[in-house]
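Working notes, beginning with the structure itself.
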Amino acid sequence: YILDGLLIEAGVLTMMDIVTDGFGFMLCFGDLAWVPFLYTLKTRFLYYWPQYHGIPYLVFCSVVMLIGYLVFRGANTEKDRFRKDPRDPRVAHLKTLKTSAGKSLLISGYWGIS
């Protein structure tokens, strides 16, 4: 997730938490306190109670993580391309729904699945 933010920085600014929440107290608090706490909690658990798993289990976990990342990246790239240019050939075929505010919601592709 962090590497994704560094490599595809422009896409971070169109993510839902930035667009809808803005850069306020909750986002600052989450970035400075909540996220580091949760990320290091797992490491601390493994430090005090080591877990030993075989190679197949680690490969399985890595594949599941990779699939999750590809869905995350694909959905956000699709949304970012649509917001920049709805006529882009890569997203022009996607179905949309007009909201009462006049905006378009994606109802096919990755966002149609969700």
Side-chain angles (χ1 to χ4, degrees):
Y1 189 77
I2 294 169
L3 183 62
D4 181 74
L6 294 172
L7 295 176
I8 309 173
E9 185 178 357
V12 172
L13 298 176
T14 62
M15 286 184 178
M16 184 173 266
D17 54 348
I18 299 292
V19 173
T20 58
D21 297 341
F23 193 76
F25 173 76
M26 289 302 292
L27 188 59
C28 289
F29 178 77
D31 288 345
L32 297 174
W34 185 248
V35 171
F37 172 74
L38 285 180
Y39 286 3
T40 58
L41 189 63
K42 298 169 203 67
T43 307
R44 184 176 176 154
F45 174 84
L46 291 174
Y47 176 77
Y48 286 111
W49 296 283
Q51 306 292 311
Y52 298 100
H53 299 288
I55 297 296
Y57 180 78
L58 296 175
V59 170
F60 172 75
C61 289
S62 298
V63 168
V64 168
M65 188 182 109
L66 180 64
I67 291 170
Y69 173 75
L70 291 174
V71 169
F72 164 79
R73 175 62 11 236
N76 280 303
T77 300
E78 183 181 80
K79 175 182 52 85
D80 190 45
R81 284 181 182 148
F82 182 78
R83 283 190 177 161
K84 286 181 181 174
D85 182 15
R87 295 180 307 270
D88 185 329
R90 296 172 287 188
V91 293
H93 66 282
L94 297 174
K95 295 178 185 175
T96 60
L97 176 70
K98 289 285 185 189
T99 66
S100 59
K103 296 184 177 185
S104 296
L105 292 177
L106 291 173
I107 58 171
S108 66
Y110 282 107
W111 295 93
I113 294 170
S114 67

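Numbers here simply count residues along the sequence, with the first being 1. Since this is a predicted model, take the numbers as computed values, not measurements.
For the pair I107 and L97, the tightest heavy-atom approach, listed with the atom from each and the gap, is CG2-CB, 3.8 Å. Considering all non-hydrogen atoms of both residues, Y110 and L70 come closest at OH-O, 4.1 Å. In terms of heavy atoms, G30 sits closest to P36 at O-CD, 4.0 Å.
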Chi angles and distances behind the side-chain contact (heavy atoms from CB on, under 4.5 Å) call for L94, E78:
CA-CA 10 Å; L94 297 174; E78 183 181 80; 3.6 Å; yes
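The closest donor-acceptor contact from the side chain of T99 to the backbone of K103 lies under 3.5 Å.
How far OG1 of T43 is from OH of Y39: 11.5 Å, rounded to the nearest 0.5 Å. Atom CG in L106 sits 12.5 Å away from atom NZ in K95 (nearest 0.5 Å).
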Ignoring hydrogens and angles, write down the donor-acceptor pairs under 3.5 Å from the side chains of residues 49-65, residues two or more places apart or on other chains.
unit_1 : atom_1 : unit_2 : atom_2 : d
Q51    : NE2    : W49    : O      : 3.0
S62    : OG     : L58    : O      : 2.9

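When the salt bridge (Lys or Arg N to Asp or Glu O under 4.0 Å) test is applied to R83, no partner is found at least two apart in sequence or on another chain.
Hydrophobic clustering keeps F45 apart from V35 (ILVMFWY residues linked when any side-chain heavy atoms are closer than 4.5 Å, directly or through intermediates).
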